[in-house]
> 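The structure follows.
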Amino acid sequence: MSAAANVVAEVDDLRVEVGGRAVVDGVSLRVRAGAVTALVGASGSGKTTTGLALLGAYPPDARVTGTVTVTDDLVGHVPQHPAAVLNPARRAGALLADIARTQVRHLPRRERAEAAEHRVTEALSRAQLQDGAALLRRYPHQLSGGQQQRVVLAQALLLGARVVVADEPTTGQDALTKRRIVAELTSVVQQGIGVLLLSHDLDVVRELADDIVVLKGGRVVEAGPAEQVVSAPRHTWTRQMFAPQEGTRQMFALREGAAGAGPRVGAAGAEPRDGAAGAAPREGASGAGLRTGPVPDPLPVLEAPVPEVPVLEVQDLTAHHRGRGSRRTVEVLRNASLRLQAGRRVAAVGRSGSGKTTLGRCLAGLHRTYEGEVLLDGVPLPRSLRDRTPAQLAAVQYVFQDAQASFDEHRTLLAQVARTAIRLRGAAPADAAREAGELLAEVGLGEQHLHSRPGRLSGGELQRAALARALLARPRVLICDEITSGLDTVTRRGILTTLDRHLSEQPDLALVWITHDLSTVTAADQILVLDAGNTVEQGPANRILTAPRHPFSVALVEASTGARVTVAGA
Amino acid sequence: GTGSGSSGSGGGSPRRGGRLRAAFAGGGASETLDPHLGNLFADAARAKALYDKLADCGTDMAARPRLAAKWEPNDTLDRWRITLRKATFHDGRPVTAEDVLYSYRRIADPKKAYRAKASLEPIDLAASRAVSPDTVEFRLKRPTAEFPNVLAAFGAYIIPKDTTTADLAKPVGSGPFRFVSFAPGRSCVVKRNDAYWDGAPHLDELEFVVANEESARVNALLGGQVEYAHELNPTTARAHEGKGQIEIVRLRNSAMQSFAMKTDRAPFDDPRVREAFFLIADRKELVDGALSGAGEIGNDLFGKGYEYYAGDLPQRHQDLDRARHLLKQAGAEDLRITLDTSPVAAGFTEAAGIFRDQAAKAGVTVRVRSGSKDSYWSDILDGGTLCCYRSGAMPIESHISQRLLSDSTTNATKWHHKDFDALYQQAQSTKDKKERAAVYGRMQRRLYTEGGFLVWGFADWIVGTSRRVHGVAHDAPANTLDWARFDKVWLA
Amino acid sequence: MQGWLTGERLKCAVGRGLTGERLKRAARWPGRAGLLIAAVPLLLALLGPLIAGDAGPRTASFTLGGGHWLGTDFVGRDVWRQILLGGQSVVLVALAATALAYAIAVPLGLAAALTHRAWLEELLMRPLDVLLAIPSLLLILLVAAVFSPGAAGLALLVALVNIPDAARIVRAAASEAAARPAVEALRMQGETWWRTAVGYVGRSALRTFAADAGVRLTGVLYLVATAAFLGVGVEPDAADWAVMVDRNRTGLFVQPWAVVVPALLIVALSMGGNLFFDALLEREDGENRKPPRPHPKPFRQYFRYFRYFRYLRYFPRHTKEGRR
Amino acid sequence: MTGGVVGDSVGTAEALGAAEVVPSRTARARSVPAALLRSWLARRVLLGVAQTAAVVLLVFALTEALPGDAAVALAGDQPDPARIAAIRTELGLDRPAAERFADWVLGLLHGDLGTSLASGRPVATYLADGFGPTLLLAALTVVLLVPAGVGLGVLAARRAGSLADRLVSSATLAVYAVPEFALGVLLVTLFALRLGWLPPTAVGFGGDLLAHPAVLVLPVLVLLSRPVCSISRLVRAGMIDALRSPYVRQATRYGLSTARVRYLHALPNALAPAAQQLARTVDWLLCGVIVVEALFVIPGLGTVLMNAVAERDVPVVQGLAVVFGVIAVVLNLGADLVARRLAPRAGVAA
Ligand SMILES: Nc1ncnc2c1ncn2[C@@H]1O[C@H](COP(=O)(O)OP(=O)(O)OP(=O)(O)O)[C@@H](O)[C@H]1O
Ligand SMILES: Nc1ncnc2c1ncn2[C@@H]1O[C@H](COP(=O)(O)OP(=O)(O)OP(=O)(O)O)[C@@H](O)[C@H]1O
Ligand SMILES: [Mg+2]
Ligand SMILES: [Mg+2]
């Protein structure tokens, strides 16, 4: 087999120009059967645009030149925002079932239903949706972000297309699931399918990619076999991107980023304490309070008395989903408790679907059906954000996991972001716009983005805009739900720096950090490990990351660091 | 183009057989076959097919004997002896004097409100009696020269003795057709009564179907679904007249069209204002506009062409100058007045609009107020000052007695004049027809000069028939004997 | 792998750039056409009264000729003059009534869609359902009998009759958008109810609102005419296109112009207006339009359609035609 | 680099002593929506009873408020006050309205709808006679309307802004803007009188329309003329957005048949407003197609209502109000169910 005969998709000198700006400029790449071509690059560098070209989709009003060739009319696609391709009016499994139907037409009519169901089940398990069949009967909005992503992945796997464009297929997954997905993708590729992988997750890229194409500002800066690009990057940008992870594996990215940022650097202030180990508190920081749910936990539950009133306190939060007018419920979060002092950061980690988003939404007033209390400065917060005063709204801000869906598609970015300052802080429109512009610039959104509508921004750009929108409220509690999932390492570092700066400039800002990326949680004061709605472990970051006790935490940390961890206290 | 034509009575010799379907506007699901309850033309036509009255109105509104073979008054005109002709009900029983008295007593039942009750008011039914099986003697409460009009009253049908209301669901009458079936608001089927005293009908069967919408009746007629369509619009008539598809029959002088002024209240309590209004009306414009030309202009008197009509009075014309002058005299310049109208009858709203514009030229501001059609007649009886008014064909005497006497029940012009009442009594006590005619003439002259009815026209009643239909009378105003008389009709 | 061969053969350049201007141009003509179509009735409505002149004498109803180039109407007036006079009330009353209905129905429907309190929604919507169950004719009859409303009263009444209907459609169209995360984000920003409801949710359902309002406007026209006949609002012989259509219909076969011309004007108004707004909305969200050029698909895709031949030929069910 | 690395050491639910968590959650997840729906339904049904009562009360009040009563209407153009008084006494109209209403309600509780003032026949026979033709017409119309309206809407939306779209939109709008009456007359003139293909009216066929299907063609066409436009316009509006949505593009991309994509994946997102409109249309079809009934002489409920109102036949009007109230409640409930089903996220917002 010659190299050419292997090619299942080819992009040659693609140039996509929108409004006079070349979003993609002369990109060429090939996807070979049985191989993975990874397209990496900074957020906004044109990855998604290139990937979509393989599907024959271009931005509206775009001027397109170049050649795109695909050998098959079917191309699997795992988009960056999986929620967008799930039909809100149909159950999550609708498209899956239909795809399976088209594949069993050759069978006798009687056998079709069973065969189709079998195919769907298989695709689900390959996409790591264990509880698949039940999840498929739900509507998309009843799935967690990671579950949505896996449903879409299952579609692509079921389709059996010879070309698959996977745009950040693992961002919403926890380390454990991610590993399995990666393994699954490997086996898929081995069956002779060509995958175009667009990802920021360099671990995944490293593991999967046969070829790597590095984009910067819409241009290819480097391309070649994976080993070569990873081990001997020629372009500075590539080096920058791949370099820091070597050795540290990104574990202390936040701390490193913060080190250069401001005086109130993480190491001292955010040094986690291990209550169980009885280490002396440093510089009087009492850290975040710690309580665990009813899950058996050998750890002592409470720390020494806390002098200051926590800015946010969650007591025995049990959240469930329900419809209108009924008492029947589905519990998705059980007895979660946490205390958050000003200036502290607490991270919530756990399996996809374990209730992290639900926790964040309960705090933010976006999820009302829970038992327990959420106190802001000791005062209970109204359950629904509709009942919160502007001050309360401003105090607790939430950055949505699905940034794209959280923007009004009809208004420009700046106009939307600036409203936060106007409404919640009473800023004059002009001041608000200026401030919003500055903040957006700080997170890396330039003039050309400010006056665009959300549909014209890349996934990472939207995530950053969503962060800016929340920050503009000058919140006291900022809940960030996977806000770095769509960012390349460099941009991510920049964002963490920005956050750090805000934390230092606003001493009363506390952070709830929901993530799958354990490398970003090292600077947290406290980590909450969730599994299937239970808090299985809760404690200082350092301790949990280095000496997790619960088997689940152990597995999680192992999966994300790739190293075995000794189980403390076990 | 009426009168002559193939569908006239002269259309060859009658042929026996066939089934004729006749479309009428009906009363919907509430229709009944009780002949004494009927209000609508459909009711009247059905009742006429199944039953007989003692007398009925001729084309000139003079009473013609029907079940009554003859009538004879005493000298004082307050006791009338009626001799019945030999006729049988559909079940074979003869029509007797007892049946007549039973029917009239039923109509006059004080606890009920049958339509002809008011018309039978002159009869003292307690004192009236059956002289013999075929002779009835009616005692009247006062002299009534025009008593045969009473016998011809709308709804005064003769039913067999002891008929209960429940029995009326399966009617037994003496009419030209026997009952077959009835579905309220939809259809009623009757078949030939071979034993009919006036000669058996030519048709085998007759079906009355209900179609309230005029265009539906026309379409059914044009499409051959019915052979007779009652009550068509003048425009429809114009569209199809002489086109050869269907025959258009115009029943002249069927409906008096007028404005009724309440003479007992301002501004119409001043005869000069009434006269001014007579002079404001451009009758030709009203007939052309509101009746689409299908009618004749009126001369402020009821019953053009009927018996006793004062045809010698000069035709009134529009005279705005004089009208303005009269109004000024009466101190009614810049008069503002409300004209009540309603879609209750064809031409009402149109006439109101046209008259409003005519009055404006004389400096009178008319505001047209359109009222509910269901309660219109009762609303305008006492309320308002000026309203649209209409009347079907009836003898002039009936018009006067029902509408223009102090104790009339439907005195819409509030015409209360003792001397006028006296003239009426005088006419009723006058046995000699000529003398009586003279009295009617005096009464009508009075109404012409200062009455409350501004009679601007007489509308044609338009009937459409299939070209196969013959024997339809062309000159019988609606509600007269020959109108909707299906026993004389045949299909070619 | 033989796939590439196919790919090679069908290799096809995206080549020529397709720009937005061409799309805009394509979208422009129907918009213009819509405007042109609607312009005739609008101009007549606007300028008609100025050039109508004095009423001539009446002649017989439903006649042609005699100086009346569109004939006479049901009461013998000049049809052309009535048409000149008859647009204003149509446009004004119908527009006012529709606008009023929407002005009330939109906040109501949006409030019902946006609230999370079941009782509030029931409170807002269930009473309207009661109104819905009563035939509008009965309502109008009553008002005609009890009050004697003028044109303004009529607009109110007709709006009232339309509110429950419109509110339900607004609610149905908005309920999906009202539950989107974007609304949650707006609430999180402390955005005002109006901006959230009208600015976002309403904007998202704008196309549906426009479609409904456009059709409703025409319905309102004739409701006004029916009401006129029952004695509500305008006079039963008023110069009003819808009233003309209604009242002159008896003469349809004698003097068709008295019906046809006003009916055509109403058709033009409704059609033109709707087409114009269609085009406007089209242009408005030009950026959501389809991508400029579909991806050049391999020719093989058309083979798919061969499977339909199966049905013609009564092939056995299990012919080999699985996708792969 | 397979899943073996993390393999079995992951703390599964079992390991956490929460073995029941997963299965029980799913089991309940399935039953919860059904339970919710049931309670929502229960509430709506209860409210529906209240609404019907409100409709009846309101209609009673409205008919009472109308000028004139059955006696006046019966008296017609002979409004002799004495006669009207006599009729009033005979019909029992001289009793206070509240008393009459209470009597009627009492009867209703025993399943007795009362008797007509005008004819003395039971109201139930009025409803039964009128309902047959009405239901037949409505059913036929809806059966044709749904595919026609939806199909045209989808056709127009498919290439929004194209010639086909403009043609479909213009044609439906134009037909909509022609009054029903004129359209009916035109159709009758053309197809019945000129071409002679179809009977012009149903006169003489009584209630037995099904035996003469030809008479139903024109009425159904006229009945279709307006709703086709309103429904297709609403479907078009929703479909344009739905067809451009990423999820529909995904379905297309994944090789589903065009029809399946359009009707099963895009349409559900466009249907909620059209479903409301459809409910209104069915309501209209069942409660008052007066023009069509009159034009084609079909004695349905609309005619019964018109006559009953004209005759101020309060018991009949009230009987109809019960029917209309129930119809409206059921239809609204149906439309709301569809809307809930099509926008499942609605209602979970905080
Ligand atoms: N429809 C559009 N109109 C105008 N500009 C666009 C459009 N779509 C994307 N862009 C711009 O093109 C650039 C590349 O976008 P793209 O989505 O391809 O980036 P990306 O590499 O996928 O980024 P990310 O990693 O953040 O998802 C971005 O700067 C974005 O703002
Ligand atoms: N409306 C709903 N009804 C029923 N179950 C729901 C609903 N919404 C979410 N869930 C379930 O609740 C669980 C928790 O969801 P949540 O979004 O909090 O997960 P998560 O931890 O944020 O996951 P991810 O990392 O994938 O985003 C998931 O299993 C999800 O399927
Ligand atoms: Mg992207
Ligand atoms: Mg989540």
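In what follows, chains are A, B, ... by sequence order, proteins preceding strands, each numbered from 1.
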> I'd like to know if D:D165 and D:R159 make a salt bridge, using a cut-off of under 4.0 Å between side-chain N and carboxylate O.
no
> Heavy-atom pairs under 4.5 Å with chain D - which of A:S553, A:P88, A:S187, A:P140 has more of them than the others?
A:P88
> Could you report the tightest heavy-atom contact between A:R334 and A:A532, atom names first, then the distance?
NH1-O, 3.2 Å
> So which of A:A364, A:A83, A:A156 has the largest heavy-atom pair count under 4.5 angstrom toward chain D?
A:A156
> Could you report the tightest heavy-atom contact between A:R90 and A:Y139, atom names first, then the distance?
O-CD2, 3.5 Å
> Of all the heavy-atom pairs spanning A:L86 and A:A92, show the shortest one and how long it is.
CD2-O, 4.5 Å
> Which answer fits A:Q155, side chain, backbone, both or neither, if we ask what part of it has an atom under 4.5 Å from a heavy atom of chain D?
both
> Would you mind checking which part of D:R253 comes under 4.5 Å of any heavy atom in chain A, side chain (CB onward), backbone (N, CA, C, O), both or neither?
both
> Within 45° of the six-membered ring axis of A:Y370 and under 6.0 Å from that ring's centre, is NZ or CZ of A:R383 located there?
yes
> Contact part of D:L271 toward chain A, heavy-atom cut-off under 4.5 Å: side chain, backbone, both or neither?
neither
